[in-house]
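Inspection log for the structure reproduced underneath, given as structure tokens.
Per chain, numbering begins at 1; letters A, B, ... match sequence-line order. On a predicted model such as this, the values are computed, not experimentally measured, just so you know.
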Number of protein chains: 4
Amino acid sequence: MSQAHTPGRSLGGRFAEATDPILERINRSVDVDQRMWSQDLAGSMAHVQMLGSVGLLSEDDVSAISRGLTAIRSEFEAGTFAFEEADEDIHMAVERRLTELVGQPARRLHTGRSRNDQVMTDLMLWMREEGEAMREVLVGLIEAFLTQAQAGHDTPMPSFTHLQPAQVSSVAQWALSHAAELVGHLRRWDDFLARLDQCPLGSGASVGSYLPLDRQHTAKALGFARPSLNAMASTGGRTEVMDALGVLAMIGSSISRLGEELVIFASPLFGFIRLPDRLTTGSSLLPQKRNPDGAELLRGEGKMAAQDFAGLVSATSGLLSGYAKDLQCDKTLLFRAWDRTTDLLTLAGLHVEALAFDEAKLRAACKPSLASLWLADQLVLSGLPFRRAHHWVGLAARAGSERGLELAEAFAAVIAEHDDAPEAGERLAKELTGLTPDDLLAGLATEGSAGPESTRAQVVAVREMIGGA
Amino acid sequence: MSQAHTPGRSLGGRFAEATDPILERINRSVDVDQRMWSQDLAGSMAHVQMLGSVGLLSEDDVSAISRGLTAIRSEFEAGTFAFEEADEDIHMAVERRLTELVGQPARRLHTGRSRNDQVMTDLMLWMREEGEAMREVLVGLIEAFLTQAQAGHDTPMPSFTHLQPAQVSSVAQWALSHAAELVGHLRRWDDFLARLDQCPLGSGASVGSYLPLDRQHTAKALGFARPSLNAMASTGGRTEVMDALGVLAMIGSSISRLGEELVIFASPLFGFIRLPDRLTTGSSLLPQKRNPDGAELLRGEGKMAAQDFAGLVSATSGLLSGYAKDLQCDKTLLFRAWDRTTDLLTLAGLHVEALAFDEAKLRAACKPSLASLWLADQLVLSGLPFRRAHHWVGLAARAGSERGLELAEAFAAVIAEHDDAPEAGERLAKELTGLTPDDLLAGLATEGSAGPESTRAQVVAVREMIGGA
Amino acid sequence: MSQAHTPGRSLGGRFAEATDPILERINRSVDVDQRMWSQDLAGSMAHVQMLGSVGLLSEDDVSAISRGLTAIRSEFEAGTFAFEEADEDIHMAVERRLTELVGQPARRLHTGRSRNDQVMTDLMLWMREEGEAMREVLVGLIEAFLTQAQAGHDTPMPSFTHLQPAQVSSVAQWALSHAAELVGHLRRWDDFLARLDQCPLGSGASVGSYLPLDRQHTAKALGFARPSLNAMASTGGRTEVMDALGVLAMIGSSISRLGEELVIFASPLFGFIRLPDRLTTGSSLLPQKRNPDGAELLRGEGKMAAQDFAGLVSATSGLLSGYAKDLQCDKTLLFRAWDRTTDLLTLAGLHVEALAFDEAKLRAACKPSLASLWLADQLVLSGLPFRRAHHWVGLAARAGSERGLELAEAFAAVIAEHDDAPEAGERLAKELTGLTPDDLLAGLATEGSAGPESTRAQVVAVREMIGGA
Amino acid sequence: MSQAHTPGRSLGGRFAEATDPILERINRSVDVDQRMWSQDLAGSMAHVQMLGSVGLLSEDDVSAISRGLTAIRSEFEAGTFAFEEADEDIHMAVERRLTELVGQPARRLHTGRSRNDQVMTDLMLWMREEGEAMREVLVGLIEAFLTQAQAGHDTPMPSFTHLQPAQVSSVAQWALSHAAELVGHLRRWDDFLARLDQCPLGSGASVGSYLPLDRQHTAKALGFARPSLNAMASTGGRTEVMDALGVLAMIGSSISRLGEELVIFASPLFGFIRLPDRLTTGSSLLPQKRNPDGAELLRGEGKMAAQDFAGLVSATSGLLSGYAKDLQCDKTLLFRAWDRTTDLLTLAGLHVEALAFDEAKLRAACKPSLASLWLADQLVLSGLPFRRAHHWVGLAARAGSERGLELAEAFAAVIAEHDDAPEAGERLAKELTGLTPDDLLAGLATEGSAGPESTRAQVVAVREMIGGA
């Protein structure tokens, strides 16, 4: 009679009454953390092998537990693992099932281990493994941009700053601007993954164990470079999760900008791109509508991970060292940001692959005034200081706007009206007249510019950075 | 008469009226960005040398401008540089002053450059340079923790999880838990600094230049590994600043936790530490108060950088590619988070250096019940499965609490009352009686644990990680 | 054959291909918005009655549709309503089912209505109805505090500022401080609910309808004071949801503070309260632990709604007027914050009802130094300026700390050592000696103070504010 | 010699050494809180009068202090008040100066008062007074929209949802959509101001006073409805500040949307509006640029207050009841959000007043397809169920897009090609041909719609709501 269990108390000689059902419900995390089942099993397997290696478990027990864990893995893989109401989290669920499968030896599984070090080990393994999948989705989107770039080295398109047309750019430069920003995130992600190299297992609740655990053994077995430095730091904080959320927030921000761009470019008043029917949705009221809902989701949802990051920082700030339950929100925040990011990257890829540029509209939007900097630079090459060149072209722009003239005419007029006009002015006014968007594009000579030679080189560089052939 | 300036318009042939004074005031950023004066001068110097090297500026012009820039540097260093009302930002202020100093050649300075690439170059240089200073302050705090650790390898102290006493730990383990978390941030910071390796200069407004600029030249001269990949990405985004803010937010979160810990430990009901008078403040009403205001500032202000990060993501999300004025908030957010972090790290260092532990209070807080895990582990070593060991000790804890007994007595009672009690029970109940906090501390055997051997090794490891002797 | 449906396109003569399955999945909101089924049915019922009243629907159609809507309501109430894969949202699900049930008339339901005005009507109805339930949970928590207050008018307890003991307060004052803050939130909530008085229905997509809809009719029928002012504002924004989230965030902040308080008070080093077993949980490793997980969830989760608020502001800022898909995140954010708040208020109530104060520990924590302000105030009553009184007591506090004396002795010593000491000093030093915490508590004379008379009056006042008997 | 001051210690008998200069600097708040000087003086004046009225101060002392406070007020008004290095905050600065001016009586000013209740009183007074100014700026912006509305009742303009043209709307409807949202914020603001009705003064540090203070007296004198309910709640929380920040965040979100709208409408590809030169700025590189920097600042900076709100919630969550230094960030956050909001509302007003719509462009953007809903509604009036009407018009839209036809032609074609086409189809196809944007606008019949009659009524309604003539 001695060890009678308090109902609903898996951890329990200590307690005289069952957990309040409301607290039990709010406290339960198994719906969230069960997705780490594979890592939890891997961690337990490594732990048990280590316990055997240092003599804390007999060979028989190691073998029984290992057999049980393997069976549980098969159940998960087959989708037959059955959670029970009383399973508080994935760790307790696995241990409960192990007990059903192998009996007494299962009660030795948790020797020298706390859920505090167990869950952080699971989580780091999960991030490392799933981090590779995230990497691939990210690379997939970059490649979609490269494909657009390669088709668009010679397709002129206005660049905008402040949403005002600035210069003649190209579809390739636009696509590569996104690719370049994403390559930056890829590098952040790789740095983040590389930092997941310390194994928390063996930290116990926060100060280690009285048993002769071999932390090097489990760290190696699980593919970490080393055991974590300090047992308290590696169980009582969530900086590794913040790290992930920080990069996801930055990725989200880039996705959000892409969304805005697609929404604006797809608006008939711009008309730069057409999205296929399968990426637009209708209106329940307005029969003619083809709405870029997907692009708007990129824009809106892309902003969310930053709040998840801020939420985790807020939740874990102001806590004492050592584990506190407040930390449990980490997985809710991480997984929702992670899944959202995967979805958004995938959805973004669909859009980038599918978008068709309307070259006629792009060319039509390359108004003559986009030659303004070219004109100023030619004046510079003729010897004028840039500030004066800028001023003369500015006067022309103003005259053009006030008198309804295009740049060439307006510049010619301004030149003609001033005694002190630059000598090269007349010649350049003439050159301007025949200048096409293609000429302006070809005139861009610098590395990283929209010039076709540059964008071709950028494609090669990006491909190298993402590890492509 | 032709080039008459519109009042308050430095960029002006285009405009027929002056900027609205309210917009001018809100738009002006010189109060914020002037702290990048040194980087702005360095960037201009490199730019001008490059312009000379490719023949866009004459040797005389290069030499005049260089002389002017050097003179301006001296003015800043001497504190004599005078800003004027019309200086919109640091870039225009420097160019205005250069014109006053060297005349016409100054009007050639901005050849082939936009403020868009200029400001990002300044900012990346600033982060790289000041990033080293931040690194030092961070290392300083880590060292303060190491000093505390070295003094406290053998000073017992309860560890807490959920603010409930857990096991006997040590002052060293506590100090090292902070050091270890900060070392993680140091690694993040170094990774961040290493990613600041692409020079934006030469990107122009967003699509490059028609002039034959040599971007490799400026990149090298300014200490970057290469020119930025894509002109639009490197002028129209602020991911580099987000990167900094992300790490600062994580550092802030660790500082905030330290603050809470100091506040709690300094409360007389804990009484673990005493802060010196110089780090406490009084009350205007209650004469007896010695308040840990500094620690509370660590806790409260440490939470703020996460909002600065979220603010920058929010402000820059949902924008079209290419520069937009919305990006200008980046420096306000960055500098305030940066200065705050420097202050907080410094203030934290002051506290950690000054805090005196009350060993008597720490020992008194190491109640006998903190031997619970030791007891369970001994039962394990005697052959009991851990879950049964856990249960027996739990029963003892409950009995202790219900009958007002300390662990040893309570365990002895529980053992005596059950026929199926573990054989080793009686022996262990006796061993428990004489067990001191020092014994428990010494019994911690694992890497990363609070055991004195482990904490000594941790100090060595941390010292290595921060590059110390 | 003419109206062949594109697969998966409910809205669709316009479309030549089906929606991409990935977009369809991400775009679908029925999992989130189905909880508004009751409001959606109520809104449709009112809409249909109005369409009948202005002659846009025949009596037969009105009656058929009404019958169908009533049947659907029964299905939802019975839990038998079956969603289908293709149901994009609750609105389409209801219309689809209505068509199954009543056939052709169902195709007239959406006359003069857009999902844009429909969803905002549903949501405002939902917030109004569920807002009453939230109000009740909030009042329930306030009442739990009142119960604690009534039991604790005469139970001394230290007040803290900066976590340093400040004065003798009472359990009642502590409970009432929470009640008072929550009463402030209740007022905010009531103000918020009162502002939900404009009915969006009839706004259409954003500029109204060509049909002679009677918006007064539907507004009245649904219990709104009036139709919304401007069709675009009432469909294209989410300020009503922000409004809710703002108050929830503030409630959360108060709950978080309560959580911290419970965690600290329950720590053995304070020992002010004991939580029952049913509100604590065990450790998987440490057998003796009774952790206040519930209180920690209050503290941690209470911080989250502020991020939900910031997320909604971020997601909806920077959008053009008129509906955009970005707004769809509103319900995800609202419902999760709403449910979390309900849970936390309920859980907080459980804790407040259950918490047992340890009067002996509370009294023991009321150290003599808590009489410091009393002493200073007595000196003031004897004629001393407060600043001098403050200074004398401060000297005593310092002497006490340096020489290990309690306040009375220390003050007597300081008085004896100074020629210019206040005359009343000697008398007061004696009075101090016998002063109990109860005396100090009783000495608090001001409205809102911890004095028993004041706290009794506060209970009456709070009860009045929450509308109790 | 007895009361020798510790250097830099205004609160001092307690302390043996001066505050650390770094802590002193970080702790000092006078730069931030000095803007409450007027409220601080008003609060002190009311406090002193009350102290006199209950006999705690002599008539002479009251009169001396009052005289001093009046003199200090004059110094502030004249700009001659001189802060000193040692002034920690506005409260200590005023008391220090008062001591200089009136000597001993000044040392009685702080009788029965703590900075905790003093600062909250100052802050609530400040918000109440400055809240009226904020109200006026907000009303000013609403009035600017009303002016635009009145000029634009009959100016057609496309409405957008998802940035896709939806229906013919009007400039008035657009302006009123902003006005309506802002009127909602005005109501929130008024509710917030009304809640600032409880006077904290007399709460002391957190549990009241031993002196017979008359809190009703000061509450009345300062224009509050009553003293605050609970001394601890009214000094240890910042919900009143959160309340303000919540509304400011919502206002910011609306401003941000206006900014986006102006940026898009001012882009030449839309060309709906022209901003005057004084509200645009130039580019340092591109001579032709006229950038809407002001509008972009509205968009970007409008997002910031939400983070300030979240920051305050984060900073004050997880704290024990009773004042903690963490709360000090409240004023930094409040004032920066407040000033920013004032600036943005003013800047928004400048833009709204100045913006000139290009009617030709607006009309040109009202493409024939915007009649789609009108067409569907006419089919409904001819007896067709709406869903069928929607489908037929959808088919026409698709045909139009595929065959390059405008709506009328496309609809005629679709009608002709189907045997089961609606009878009214042919007639409506003809009616469509001559339909102008003005006809469509005039056809909007519902309250709140863009129809001219509706927008005229909306103007009247808004004017009434803002309390205009």
Selection from B/Pro165, B/Ser369, B/Pro158 maximising heavy-atom pairs under 4.5 Å formed with chain C: B/Pro165

Out of B/Ala315, B/Pro268, B/Ser372, B/Ala397, return the one with the most heavy atom pairs under 4.5 angstrom to chain C. B/Ser372

With a 4.5 Å cut-off on side-chain heavy atoms, are C/Gln164 and B/Arg290 touching? no

Under 4.5 Å from any heavy atom of chain C, what part of [X] do you find: side chain, backbone, both or neither?
X	result
B/Ala166	both
B/Gln288	both
B/Ile264	both
B/Ser401	side chain

d(B/Asp358 CG, B/Thr155 OG1) to nearest 0.5 Å is 11.5 Å

Pairwise distance CH2(B/Trp392) to CG(B/Asp420) - rounded to 0.5 angstrom: 4.0 Å

Identify whether the distance between the nearest side-chain nitrogen and carboxylate oxygen of B/Arg403 and B/Glu417 falls below 4.0 Å. yes

Counting the benzene-type ring for Trp, do C/Phe357 and C/Trp174 have ring centres under 6.0 Å apart? yes

Between C/Thr161, C/Leu163, C/Asp293, C/Leu370, which has the largest tally of heavy atom pairs under 4.5 Å with chain B? C/Leu163

Heavy-atom pairs under 4.5 Å with chain B: which of C/Leu373, C/Asn291, C/Val393, C/Val313 has the most? C/Asn291

Locate the shortest heavy-atom distance separating B/Phe386 from B/Ala376; write the atom from each residue and the value. CE1-CB, 4.1 Å

